[in-house]
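Remarks on the structure that follows.
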Amino acid sequence: MDAILNGLTESQKQAVTHIDGPLLILAGPGSGKTRVVTHRIAYMISQGVSPSQIAAVTFTNKAADEMRTRLGQLAPGQPVWMGTFHRFCAQLLRRYASLAGLSENYSIYDTADSKQAMKRAIAAANVSTSHTSPEQITSIISSAKNRLVTPEMMLSASSRTGDAVAAKVYPVYQQQLLTANAVDFDDLLFHVAIMLRNNPELREDLDSRFRYILVDEYQDTNLAQYAIVRGLSINNANLAVTGDPDQSIYGWRGADLNNILDFEKDYPAVTTVRLEQNYRSTPNILRVADQLIRHNQKRKKKDLYTHNPEGDPVVLRMYEDGYQEADGIADAISNAIRTEGMRPRDFAILCRMNALTRSLEHSMRSRGLPYQIINGVEFYQRKEIKDLLAYLHLINNPSHDVAFQRVVNVPTRGIGAKTVERLRRYADVNRIPMLQAARDVYKIEGIAKRSATFVTRFVELYDRLSKKASATLEDLLRYLVEETKYEAFLEKSSVDQQDSSAIGNVDEFISAAVEFDRQHPEDGTLEAFLEQVALVSDTDAFEESDDRVTLMTLHAAKGLEFPCIYIVGVEQGLLPHSRSMDTDAGFEEERRLLFVGITRAMQRLQLSVCKRRTVRGDTRPAVPSPFLNELPLDELKKVESNVDRDWFDEDPDAHGGYPDSWDLPDEDGGDPLADDSGPTVHESAATAYDEVCQLPEAEIAERVESKKRKSAQVAGLKTAADMLNGGVTPVTAYREGTQVRHTEYGDGTVVSITGRGPKRTATVRFDDGEHNFRLAFAKLEVIDG
DNA sequence: ATTGGGACGTTTTTT
DNA sequence: ACGTCCCAAT
């Protein structure tokens, strides 16, 4: 008991000792929230609450693990349910699958699976996709599910054209999922929410089964999650939620800030506890965070404070480009490790997009700095792994059509696209899984006898494999690899590309299976393994114990802390991201994202900006983020590049005319990173792409250039092309055989030209090899046409 | 049926 | 720059 309450502040104690009734814990960053939550659970148990009546729901497995570990120290061996929302729902759905029209061995489609399924549904729904992409449809349907909109509801209430198309696809997609005995990520929440709504008795049962519910990161819940939580705390309103509206960064996934802002209205009997003292960061860092977040309009005012000693000033650094940024940071880190006794694990580098980790990765590697990338290329997304996984999925759930289509001809066994197409058609018409259709292959019109034989052979292979379904995973996998001659297939297909890693990956996958067998001697079913794989993200792969520098996105950093944080690319169009900054809500969410990043830092923090940024192949002048203007600038240490020279107050001309204040660019000024097809495509709505495509190339080039000049003026920078030749070379000046000069590569010859308009691209051969250039932006000079 | 080359679109963030 | 999709050649 003493161990539970000792060392807590008054407000922490208040939260910890609250047992019955709704509780809202508003916890600022670094305020010891996890500590409070775990201590509270321990306290509840010590007061006689049965652990089996408690469920703690988090957003990441990482958070759940952390909680479990900490509780284990306070109250060992207590079976409190802890896990993510999705896992919670997956388990309920296992149990009550039939209520959602599923069988208990249902599969969980990952994003790629859903994408495949969606394409099939779009084709089957017979809609015109000329004005809506599959991605758009997917996202509309996803957000419908997050808002608990059923296919029927959507059909009756679709006004906009994009919605109308999606509304037609939605029921088909759901029907096909049902036939495949599968759900997507959104369905996990959706089905459970609907199930609770439609089955009052079940709802009541579960309400009392989970008498005490805790929800972490409540600010990130969407309507489906809200409904689930609500449904489980009506009779027993012992719902405790923790969260921080300032750290809500999942609006794009349907998170509704109102869930936490209105909590006090939903549960009038609520006790609210505010945890505002920060134990993590220096006052310097906290002031920067606070100044920034004050600029959000939609927000509950909150005072952050700390008793920590004043530390180093926050650094605002400017680099020439992304490569120097990466090198500079890598150098700084290895210096700190060499001279200050810091460890690699003390550092994290945060960025807005995964793509930005590339150059960072390169710099780390070249300096021999150990690093880990969270959410880079995922292990489970590699081809070999997906293939084997698909076999496992199909063994577990014979209706898994996405898996069927993936493996039916892998390794190649004479079943071509046409045959698969006919199987699919037959399956659609009869509303049966494709494997079932394959069993009826002789009944299907149009499939040649020869092909049918191959199909039957596949079915026989499948039946052999499924006999092993209940063996250990290791045995099953080894048998699978053996029977399918999978490794021989890999070897054969990777002759020319010296891609020997594929077979290594297979071995690694088998090791993972061995490990799973070892950890689950009792419940190590195939189903459990597949569920784990589906619901474990790479964010969870973060290993604190590893002594490595961590590279990740700002989103992935939530909930973590590091002594030293570098936030890269604090630039207009990147942070705030160009796709989010058009709406106030989006813009404020971007601001919160930066807030989250800043507050990860314990002792040191550097924000950085580049003069130029290379995205998707081409380099553009970059404009500092408007958020920087909102920071207490006089407190920051502003440094240009690696020279310890204060650039901020200097004569702007001294460094290429960079703006001498952090004034915002003009309205239409700047988003040099918006799109690689150039500003032309994104011109004000009406003069859209079609029109541009009809213009003669020279005129397009001129438009591109004029727009580019304009945005460059705003940034106060000349574009590279302008600096080079003071003028514009029309894209039509290039033909095959044209002699050109490039600043880096030297002289070369145009080998070929493809594309048109802003995308017109030339392949140029130089002495040291060939390079491709977007002509409208290339740093090329014509020597001789 | 399979393979490989080329055009084309695409990525913001994640369970 | 990268992955995916389509088509032509084998």
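Numbered from 1 within each chain, the chains take letters A, B, ... in sequence-line order.
In this structure, Thr419(A) reaches the sugar-phosphate backbone alone: every heavy-atom distance under 4.0 Å involves primed, P, OP1 or OP2 atoms, never a base. At the heavy-atom level, Asp186(A) lies nowhere under 4.0 Å from the strands shown. Within the nucleic acid shown, Phe59(A) comes within 4.0 Å of sugar-phosphate atoms alone, with no base atom in reach, counting heavy atoms only.
Distances from the side chain of His86(A) to the nucleotides dC2(C), dT13(B), dT15(B) place dT15(B) closest. In the set dT13(B), dT15(B), dC2(C), dT13(B) carries the atom at the smallest distance from any side-chain atom of His555(A). Closest contact between the side chain of Thr553(A) and the listed nucleotides dT2(B), dT14(B), dT15(B) involves dT14(B). Comparing dC2(C), dT11(B), dA1(B) against the side chain of Arg579(A) picks out dT11(B) as the nearest. Among the nucleotides dT10(B), dT14(B), dT15(B), the one closest to the side chain of Glu135(A) is dT10(B).
At least one side-chain nitrogen or oxygen of Asn354(A) sits closer than 4.0 Å to the OP1 or OP2 atom of dT13(B). For the OP1/OP2 pair of dT15(B) and a distance below 4.0 Å, the side-chain nitrogens and oxygens of Asn222(A) include no atom meeting the criterion. Residue Asn409(A) places at least one side-chain N or O under 4.0 Å from the OP1 or OP2 atom of dT2(B).
In summary, the side chains of Glu590(A) and Ser580(A) do present a donor paired with an acceptor at a separation below 3.5 Å, with no hydrogens or angles considered. Counted by atom type alone, Thr550(A) and Gln372(A) present one or more donor-acceptor pairs between their side chains at under 3.5 Å. In this model, a donor atom of one side chain and an acceptor atom of the other lie less than 3.5 Å apart for Ser142(A) and Asp186(A).
Applying the salt bridge (Lys or Arg N to Asp or Glu O under 4.0 Å) rule to Glu421(A) yields the partners Arg424(A), Arg425(A); only residues at least two apart in sequence or on another chain are considered. Partners of Tyr106(A) according to the ring-ring contact (aromatic ring centres under 6.0 Å, His included) rule, which considers only residues two or more places apart in sequence or in another chain, do not exist here. Every residue was checked against the ring-ring contact (aromatic ring centres under 6.0 Å, His included) condition with Tyr226(A), not counting sequence neighbours, and none meets it.
Salt-bridge formation is detected for the pair Asp110(A)/Lys386(A): a Lys NZ or Arg NE/NH1/NH2 atom is positioned less than 4.0 Å from an Asp or Glu carboxylate oxygen. In summary, Asp387(A) and Arg406(A) engage in a salt bridge, as defined by a charged side-chain N under 4.0 Å from a carboxylate O.
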Can you name the atoms? Protein N/O to nucleotides 8-10 of chain C N/O, anything below 3.5 Å, with the distance.
none

Produce the list of close N/O pairs, under 3.5 Å, pairing protein atoms with atoms of nucleotides 4-7 of chain C; give distances to one decimal.
residue : atom : partner   : partner atom : Å
dC5(C)  : OP1  : Lys119(A) : NZ           : 2.3

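The separation between Leu551(A) atom CG and dT13(B) atom P is 15 Å, rounded to whole Å. Between Ile415(A) atom CD1 and dA1(B) atom C1' there is a gap of 11 Å when expressed in whole angstrom units. As a whole-Å value, the separation of Phe185(A) CZ from dT15(B) C1' is 5 Å. Residue Arg358(A) contributes atom CZ, which lies 11 Å from atom C1' of dG3(C) at whole-angstrom precision. Rounded to whole Å, atom P of dT15(B) lies 15 Å from atom CD of Glu531(A). Spacing between atom CG of Leu554(A) and atom P of dT11(B) amounts to 20 Å, rounded to whole angstrom units. For the pair Met353(A) CE and dC2(C) C1', the computed distance is 14 Å after rounding to whole Å. For the pair Leu574(A) CG and dT11(B) C1', the interatomic distance rounds to 12 Å; values are reported in whole Å.
Among the candidates Ile293(A), Leu554(A), Asp244(A), the single residue satisfying the side-chain contact (heavy atoms from CB on, under 4.5 Å) test with Arg592(A) is Ile293(A).
DNA chain B lies under 4.0 Å from at least one heavy atom of each of the following residues of residues 244-254 of chain A: Tyr250(A), Trp252(A), Arg253(A).
For dT13(B) and dT4(C), the P atoms lie 15 Å apart once the distance is rounded to whole Å.
Between Tyr109(A) and His400(A), the ring center distance clears the sub-6.0 Å criterion. Between His555(A) and Tyr250(A), the gap from one ring centroid to the other is short of 6.0 Å. Aromatic rings from Phe190(A) and Phe185(A) are positioned such that their centres are separated by 6.0 Å or more. Annotation: Phe88(A) is not in aromatic contact with Phe85(A) [ring centroid separation under 6.0 Å not met].
Ranked by how close their nearest DNA chain B nucleotide is to the 5' end, Glu590(A) and Gly414(A) are led by Gly414(A). Checking Thr412(A) against Thr111(A), the closest nucleotide of DNA chain B that is more toward the 5' end is the one next to Thr412(A).
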